[in-house]
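In the text below, chain A, chain B and the rest are named by the order of the sequence lines, each starting its count at 1. In what follows, every heavy atom counts, from backbone to side chain, and hydrogens, waters and symmetry copies are set aside.
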Amino acid sequence: MSNTGSDSTADSKQAPKASGKFKWQQGDPLPLEINMKWCKACNICIALCPKQVFEPDRDGKPVQARPEDCTLCTICWVHCPDLAITSSYK
Amino acid sequence: MATAVKEKQKSNVVLDYLRPGKAMPTVWCAGCGHGIVMNGIIRAIDKTGLSKDEIVMASGIGCSSRMPIYLDFNALHTTHGRSLAFATGVKFARPELKVMVVTGDGDALAIGGNHFIHACRRNIDITCILLNNYIYGMTGGQGSPTTPSQAFSTTTPYDNAEKHFEPTKLAIAAGASYVARTTVYHAPQMEKLILNGLLHRGFSLIEVISNCHTYFGRLNRQGDAVKMINDFKERSVPIARAKSMSAEELEGKIVTGLLHKKETTEFCDVYQSVVDRVQKGM
Ligand SMILES: Cc1ncc(C[n+]2csc(CCOP(=O)(O)OP(=O)(O)O)c2C)c(N)n1
Ligand code: SF4
Ligand code: SF4
Ligand code: SF4
């Protein structure tokens, strides 16, 4: 299974330990990867994010407007009904 | 079977369990709670450390019952209401497999009510996830056995005169040995309850309250997916707190958590001991 072992897609700077605090900085890849092909613009992630990281684009799909506020809390990706949200950091 | 529960989990683990070549996105409406349950089921299964080949996922007919189509387990998409009967056969023939059933409130309790009570009664080692959206979603919003009294559906256009079932009470009374309830708002709790249901030996029922905003939400003026999910949050009461509340206080509330757990004999085990005894000529 691909969920074991190290993640070769993120270097050590971009992959903080789960115990360490995540702090996104300008120039880093965005906290989340959103699969726009699977996303159905249901608004759930946008509404449930405790840090208001997202804004809807003109189709209602999430855009990471405030990536610096993301804590990688997991809420958006465990609630996405279309499995459209993942993060290379976690 | 591996039983070590995995603590850490990557965000993209869900992608490892999708059936190759099966077109995503799903057929479900945007924001359908059934997708959130699928997300949680995958994460729970991943934590068991079981391989995909050790899992059987059976379902009947309904929006909820479409789930095994997307997941890369041994899948059994059966007839309406009969998934527990098929699953019983599979578990009986191959007791080493982890057998799960995904069902809707109509599938499990209306046409499949008979199979449901007898699976509970036998306490066969099956993990049953009941996606309760209080309505028949797939066929256009007809009332189901869980449609609340006085709620609207296309078959109760002047409101529901019937009383409704509480599936968890039914399961406990019928003999299920692990019974839990949660909602799609409580995704982390859902994952934990499903995981513990999978680890429990005996019949486990995990009822997940799910949003069908397309029919139940619209007909009952409960708004869109987000409104319904937030409403589940508002109306939920953890079992520990519910114990000190009166029936009136609990009216309209959703009691969440592990409601019942009992260590008792499991059907396949008992049957095997009968076989052993008969073969020894005793
Ligand atoms: C024998 C039979 N009777 C009726 C139907 C029509 N039918 C298909 S799905 C369904 C109800 C599904 O409701 P539920 O189990 O609550 O699932 P949901 O779609 O809400 O997830 C019905 C009555 C059928 N497919 N087969
Ligand atoms: S929860 Fe998923 S499907 Fe819904 S808007 Fe967010 S990314 Fe899209
Ligand atoms: S991980 Fe948490 S903080 Fe970050 S976008 Fe998702 S919900 Fe918001
Ligand atoms: S009709 Fe209801 S249950 Fe079916 S996919 Fe749409 S929201 Fe989900």
Item to check | Side-chain heavy-atom pair A/Y89, B/K10 within 4.5 angstrom cut-off | outcome: no

Item to check | Test item: side-chain donor near acceptor, B/T26 and A/K40, under 3.5 Å | outcome: yes

Checklist entry - Between A/L83 and B/M24, is any pair of side-chain heavy atoms under 4.5 Å apart? => result yes

Next on the checklist: Using a 3.5 Å distance criterion without hydrogens, assess whether the side chain of A/T86 forms a donor-acceptor pair with backbone atoms of B/S11.
Outcome noted: no

Item to check | Separation of A/T74 OG1 from B/E191 CD (nearest 0.5 Å) | outcome: 8.5 Å

Checklist outcome for this item: Between B/Y185 and A/L48 the two heavy atoms that sit nearest each other are CE1-CD2, 4.3 Å

Next on the checklist: Ignoring hydrogens, what is the shortest heavy-atom contact between A/N43 and B/V226? Give both atom names and the distance.
Outcome noted: O-CG2, 3.6 Å

Item to check | chain B contacts, top residue of A/C39, A/C80, A/A84 (heavy-atom pairs, under 4.5 Å) | outcome: A/C80

Checklist entry - With a 4.5 Å limit on heavy-atom distance, are the side chains of B/N39 and A/H79 in contact? => result no

Checklist entry - Does any heavy atom of chain A fall under 4.5 Å from the side chain of B/D224, the backbone, both, or neither of them? => result neither

Next on the checklist: Would you compute the distance between atom SG of A/C42 and atom CG of B/N211 and round it to the nearest 0.5 angstrom?
Outcome noted: 9.0 Å

Next on the checklist: If I measure from the heavy atoms of chain B, does A/L32 come under 4.5 Å with its side chain, its backbone, both, or neither?
Outcome noted: neither

Checklist entry - So what's closer than 4.5 Å to chain A heavy atoms on B/V37: side chain, backbone, both or neither? => result neither

